[in-house]
Every structure is written in C-alpha cells, then in structure tokens.
Amino acid sequence: MNILILGSGGREHAFAWKIKQSALCDKLFIAPGNAGTIQCGTNLNISVTDFDAIKNAVLEHNISMVLVGPEDPLVKGVFDFFAADDTIKHVQVIGPSKKSAQLEGSKAFAKTFMQKNNIPTAAYKEFNKDNYAEGVEYIKQHSLPIVLKADGLAAGKGVLICQNHEDALAEFELMIQQSKFGAASEKVVIESYLNGIEISVFVLTDGKDYVILPEAKDYKRIGEGDTGLNTGGMGAVSPIPFFDEALKEKIVTRIIEPTINGFKNDEMIYHGFIFLGLMIDNGNPYMIEYNCRMGDPETEVVIPRIKSDFVAILKAVGEGKLGAISLETDERTAATTIMVSGGYPGSYETGKKISGLTEATHENGIIFHSGTKMNQEEVVTNGGRVLAITSYGNSIQNATKNAQQQLNKITFEGAYFRKDIGYEFE
Ligand code: AMP
Ligand code: GLY
C-alpha cells in the first residue's frame with residue numbers, strides 16, 4: 001500500500017523510518033517532511049491543514065493510508081473530511097475524529113470526559129466571561145500552586161502554574177478579559193496542582209481494542225537539571241525504570257479502560273494514538289492531559305523500541321482488527337537527545353549549515369531530523385528543535401553515552417543540547 005505521513009518533525013521522521021522497513025509499504029510520502037524524511041520516501045510540499053491539497057495528493061499517488069502526526073489537522077477534522085468524501089472515504093486515516101480530538105483541542109472537554117468516566121485527575125472548575133467574578137473568588141480561596149489552562153490549543157503555552165494568588169488573578173484577567181491566547185483562552189480551566197513524576201504513556205486503539213506502546217519520559221526544560229524555560233522537549237527515555245507491572249495495572253484499570261469505554265458510550269470514533277500525560281504520585285497515576293497523537297520527542301524512543309511490523313499494526317487499527325495484534329518490543333533502553341538552535345525556546349535563526357551528519361552514522365542508534373531542510377545539496381537548520389539523536393543501550397546511562405560521539409561530531413552555528421537526559425535514573 002502507498003502511505004502518506006502528515007507532519008515535519010522528529011516524530012514524523014521516526015514514523016517514516018519505521019514504515020519504510022515494512023514489506024507492506026510500497027510508496028511512502030511525507031507532507032511536508034524534512035531533510036531526514038527524504039531518506040525514507042518522497043516529500044510533498046503541502047501544509048498539514050490544507051485538506052484539499054492532501055486529498056488531491058492522495059488521489060494522485062493512490063494512497064490508501066494517512067498517518068497524522070500533529071494535533072492541528074486532527075482538531076480541525078481531517079478524519080471527518082476523509083469520511084465525508086466519496087472519492088477518499090476508503091482511505092484509512094490513523095487519528096481520531098474531530099469530536100474525539102477535542103480531548104486535546106479543549107481542556108474543558110477533556111476534564112468533563114475524565115470526570116464522567118471516573119478517571120483520577122486534579123479537581124477543577126471552568127470559567128469564561130459570564131462567570132468571571134466567580135472565577136476570581138475561586139482563585140482567592142484556592143490552595144497554591146494554582147494551575148490555569150487556556151481551553152483551546154495555544155502552541156504549548158496555554159498552561160500556567162502560578163505560585164501565588166496575585167499572579168493567578170493577573171493571568172486569569174489577561175486570559176479571559178484581554179484574550180491573551182485569542183479564542184483559545186475564552187474559556188479557562190482552573191485546577192489543583194498535582195505532585196509527582198510526569199510520564200507519557202501511549203495507547204493505540206481502533207475504538208474497541210487497544211495496545212499499549214512502550215512508555216517514555218520527556219525532558220521539557222531547556223536547562224540541565226530541569227531548569228529554565230519550557231520547550232517542546234529536549235530529550236526522552238524509554239523504558240522508565242519505575243514503570244513496573246503494578247503501576248501498569250493501575251494505569252490500565254483506572255485510566256485506559258475507562259477511556260476506551262468512554263469512547264464507546266459517547267460514540268466517539270477513535271482510530272489512532274492516545275497520549276496519556278500522567279502524574280505518578282506515590283505509585284498512583286493521575287491524568288494531567290490527553291493528547292490525540294504521539295509525543296515528540298517521545299516517538300523518537302518509542303518507535304525504535306517497537307519490533308513488530310508497524311504498518312501491519314496501523315492497518316489493523318484502520319480495519320478495526322487490533323484485537324488480533326500483539327506487540328513485540330525491543331528490551332533495550334532507548335534515549336534521545338535533541339539538538340536545538342541557539343536562542344530556542346526564545347527567538348533563533350534558521351538556515352545554518354549542519355556539518356558532520358555523514359560522519360556521525362550511528363551504529364547504536366538513529367539520527368532523526370526535526371527542524372531541517374535541504375538548501376541545494378546542504379542540510380540546514382529549519383526550526384528550534386533540529387535533530388534527535390537516538391541511541392540504544394542496556395541502561396539509560398549506557399544509551400546516552402552511546403550517543404556522545406554523534407553529538408560531538410554534528411555541528412551547526414549556535415547548536416545546544418542537554419548533556420543530562422535521564423539524569424535522575426543514574
Ligand atoms: P500542556 O500544555 O497541557 O501539555 O501542560 C503543560 C505541562 O504543565 C504538563 O506537561 C505538566 O508538566 C504541567 N501541568 C499541567 N497540569 C498540571 C497540574 N494540574 N499539576 C501539575 N502540573 C501540571
Ligand atoms: N513531548 C510532549 C508533546 O509532544 O506534547
């Protein structure tokens with residue numbers, strides 16, 4: 001079958017790398033892709049939210065599966081767009097319907113869903129202009145820290161953790177009255193702060209059955225020792241040493257099964273990845289958030305740990321036959337370190353020539369591209385997160401050590417990376 005991947009990051013390069021290895025894949029296309037995905041298939045210069053152009057490409061290249069990487073097209077309804085069009089409704093779109101993607105697209109929708117299905121999560125209330133005064137009173141009596149969340153998508157910036165009431169009140173005013181995040185903060189969820197260790201658990205479902213993919217831990221802060229500004233993710237590791245059978249069992253019974261049952265009860269069509277952002281406190285899991293896609297950089301460690309034919313699994317999702325699939329995983333540890341542009345997550349320059357990529361061929365891992373593009377014959381930077389250097393090892397420490405050579409060989413002006421990914425497990 002011919003397959004199209006939507007997206008252009010490290011996550012999509014990891015998908016492309018894995019899919020290319022399947023005998024079930026004839027031709028692979030990536031839209032828009034990056035300089036790395038060119039090694040796996042054909043890049044198409046199409047935006048992930050230009051549904052008409054995507055449809056034309058699907059018809060032109062006889063594509064029968066579309067794997068959606070980022071949340072934007074899902075929240076905008078790419079699944080429903082395909083289902084409603086006779087010429088493309090036979091195509092398997094791997095991702096949730098527009099309604100189900102609201103689990104990521106609207107924090108209020110997600111919290112209502114969690115509450116309705118008795119899924120453990122932080123206590124919360126939602127506010128808008130109409131009950132603004134009530135929100136002010138709610139904040140004043142709330143314990144600290146207070147978590148404020150813009151309801152809609154805000155490019156990863158819509159969550160604010162406030163350490164005192166004054167800051168919380170000021171942010172609340174900015175979000176609701178001054179439209180700090182535009183329409184995304186017309187509604188605000190105010191919730192209690194959860195203590196614990198944050199992990200990412202990934203579930204692939206056809207709406208009835210599910211498989212649990214390898215779990216991962218993401219390192220979001222720019223600085224070593226988890227300091228400084230939040231980023232899209234500076235590295236990730238899988239598996240997580242404390243993720244034992246007892247914890248997994250709690251996650252299955254308290255979170256995954258109620259979630260899948262919730263889909264059935266509310267007729268939510270879901271043929272894709274569920275990303276559970278969980279806080280583990282004293283061995284108990286609490287939902288922080290749902291995402292309706294895989295994580296980035298988590299995918300760059302999760303995919304390398306899947307041994308099974310990935311296209312066979314995705315095909316089973318599209319056909320509603322996931323119940324017949326069992327997942328084979330690689331026992332090794334995988335760690336990824338992200339090389340970023342100087343200045344990221346603030347402003348940064350792009351177009352910097354990347355040297356050493358050929359020399360840095362990776363025996364113990366894979367070099368995934370995140371923000372890169374071709375400039376004639378050269379690979380140049382094209383984003384904040386530039387490369388994901390993934391390595392295998394028999395421990396987290398050993399896996400990150402195996403990437404050192406690559407991290408030292410690859411250079412571009414302003415390049416920065418954290419040297420301590422997985423540090424707390426050493
Ligand atoms: P999001 O933008 O929804 O991915 O949330 C950003 C981050 O905020 C999460 O990954 C958590 O680290 C943190 N966060 C969100 N909600 C809470 C909460 N209730 N308690 C503690 N941390 C939270
Ligand atoms: N790594 C977190 C995310 O993809 O949202």
Side-chain angles (χ1 to χ4, degrees), residues 7-12 14-15 68-72 74-75 101-111 114-115 119-126 142-163 168 171 175 181 184-185 188-202 213 215-222 226 229-238 240 273-281 284-303 336-338 340 345 368 370 384-385 388 421:
S8 62
R11 167 181 51 209
E12 288 76 20
F15 282 151
V68 188
E71 63 277 15
D72 232 28
L74 292 166
V75 173
Q102 286 296 298
L103 284 177
E104 176 162 4
S106 163
K107 307 269 190 217
F109 180 95
K111 293 296 285 193
M114 290 176 214
Q115 205 169 42
I119 294 168
T121 186
Y124 83 106
K125 271 200 161 127
E126 57 179 269
H142 201 288
S143 59
L144 294 170
I146 308 173
V147 184
L148 267 58
K149 299 186 170 184
D151 178 55
L153 293 182
K157 299 197 164 58
V159 174
L160 301 164
I161 297 173
C162 301
Q163 302 298 336
E171 288 295 346
M175 283 164 99
F181 299 107
S185 63
V188 172
V189 165
I190 300 182
E191 70 178 29
S192 305
Y193 183 80
L194 294 168
N195 283 305
I197 304 175
E198 193 173 343
I199 67 169
S200 307
V201 172
F202 302 97
L213 305 180
E215 76 287 353
K217 184 166 191 305
D218 171 19
Y219 293 79
K220 290 180 200 285
R221 301 296 192 95
I222 188 74
D226 292 327
L229 292 173
N230 252 324
T231 71
M234 296 297 291
V237 299
S238 175
I240 301 171
F273 299 98
I274 318 167
F275 171 162
L276 307 170
L278 302 177
M279 198 67 94
I280 310 301
D281 187 18
N284 290 313
Y286 298 87
M287 274 296 295
I288 301 173
E289 60 176 2
Y290 287 105
N291 292 311
C292 60
R293 52 168 175 90
M294 283 296 289
D296 193 344
E298 290 98 325
T299 307
E300 292 96 299
V301 290
V302 171
I303 288 286
T336 198
T337 300
I338 309 292
V340 302
F368 294 119
S370 298
R385 292 192 288 169
I421 298 306

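In each ligand, atom 1 is the first atom listed, and ligand 1 is the first ligand listed. Please read all numbers here as calculations on a predicted model, not as lab measurements.
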Identify, by atom number and element, the atoms of ligand 1 in contact range of [X], meaning under 4.0 Å from any of its heavy atoms.
{"X": "Glu289", "result": "1 (P), 3 (O), 4 (O), 5 (O)"}
{"X": "Ile288", "result": "14 (N), 15 (C), 16 (N), 17 (C)"}
{"X": "Met279", "result": "21 (C), 22 (N)"}
{"X": "Glu191", "result": "16 (N), 17 (C), 18 (C), 19 (N)"}
{"X": "Ser192", "result": "18 (C), 19 (N)"}
{"X": "Lys220", "result": "10 (O)"}

Looking only at heavy atoms, what is the nearest atom pair of [X] and [Y], with distance?
{"X": "Ile240", "Y": "Ala216", "result": "CD1-O, 3.3 Å"}
{"X": "Asp151", "Y": "Ser106", "result": "OD1-OG, 2.8 Å"}
{"X": "Gly232", "Y": "Asp218", "result": "O-OD2, 4.4 Å"}

If you look only at distance, which donor and acceptor atoms sit under 3.5 Å apart when one is on a side chain in residues 190-201 and the other is two or more places apart or in another chain?
| from | atom 1 | to | atom 2 | distance (Å) |
| --- | --- | --- | --- | --- |
| Glu191 | OE1 | Lys111 | NZ | 2.7 |
| Glu191 | OE2 | Lys149 | NZ | 3.0 |
| Ser200 | OG | Glu298 | OE2 | 2.7 |

Mind checking whether Asp296 has an N or O less than 3.5 Å away from an N or O of ligand 2? yes
With a 3.5 Å distance limit and no angle check, can you tell me whether Thr121 reaches the backbone of Tyr286 through a side-chain donor-acceptor pair? no
Donor-acceptor pair, Thr299 side chain versus Gly295 backbone, under 3.5 Å?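 Looks like yes, one N/O pair under 3.5 Å.
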What atoms of ligand 2 come closer than 4.0 angstrom to any heavy atom of [X]?
{"X": "Glu298", "result": "1 (N), 2 (C)"}
{"X": "Gly295", "result": "4 (O)"}
{"X": "Gly232", "result": "1 (N)"}

Chi angles and distances behind the side chain to side chain contact (heavy atoms under 4.5 Å, CB included) call for Ile222, Met234: CA-CA 7 Å; Ile222 188 74; Met234 296 297 291; 3.8 Å; yes
Among the heavy atoms of Arg293, does any lie under 4.0 Å from an atom of ligand 2?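 Within the 4.0 Å threshold, so yes.
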Could you check which of [options] puts a non-hydrogen atom nearest to [atom]?
{"atom": "atom 22 (N) of ligand 1", "options": "Leu160, Ile161, Leu278, Asn195", "answer": "Ile161"}
{"atom": "atom 5 (O) of ligand 1", "options": "Leu148, Leu153, Val159, Thr121", "answer": "Val159"}
{"atom": "atom 10 (O) of ligand 1", "options": "Arg221, Lys157, Met287, Glu198", "answer": "Glu198"}

Is the gap between the ring centers of Tyr290 and Phe273 under 6.0 Å? no
So, for atom 15 (C) of ligand 1, does the protein have a heavy atom nearer than 4.0 Å?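 Yes.
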Side chain to side chain contact (heavy atoms under 4.5 Å, CB included) between Leu278 and Met287, worked out: CA-CA 5 Å; Leu278 302 177; Met287 274 296 295; 3.5 Å; yes
Atom 2 (C) of ligand 2: the protein heavy-atom neighbour that sits closest, reported with distance to 0.1 Å: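 Closest protein heavy atom to atom 2 (C) of ligand 2: Asp218 OD2, 3.4 Å.
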Could you say whether the N/O atoms of Lys149 and ligand 1 ever approach to under 3.5 Å? yes
Assess whether side chain to side chain contact (heavy atoms under 4.5 Å, CB included) is satisfied between Phe275 and Arg293, documenting all intermediate values. CA-CA 6 Å; Phe275 171 162; Arg293 52 168 175 90; 4.1 Å; yes
Is a salt bridge present between Arg11 and Glu300, judged by a nitrogen-to-oxygen distance below 4.0 Å? no
Heavy atoms only, cut-off 4.0 Å: how does Leu194 contact ligand 1, side chain, backbone, both, or neither?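 Both of them.
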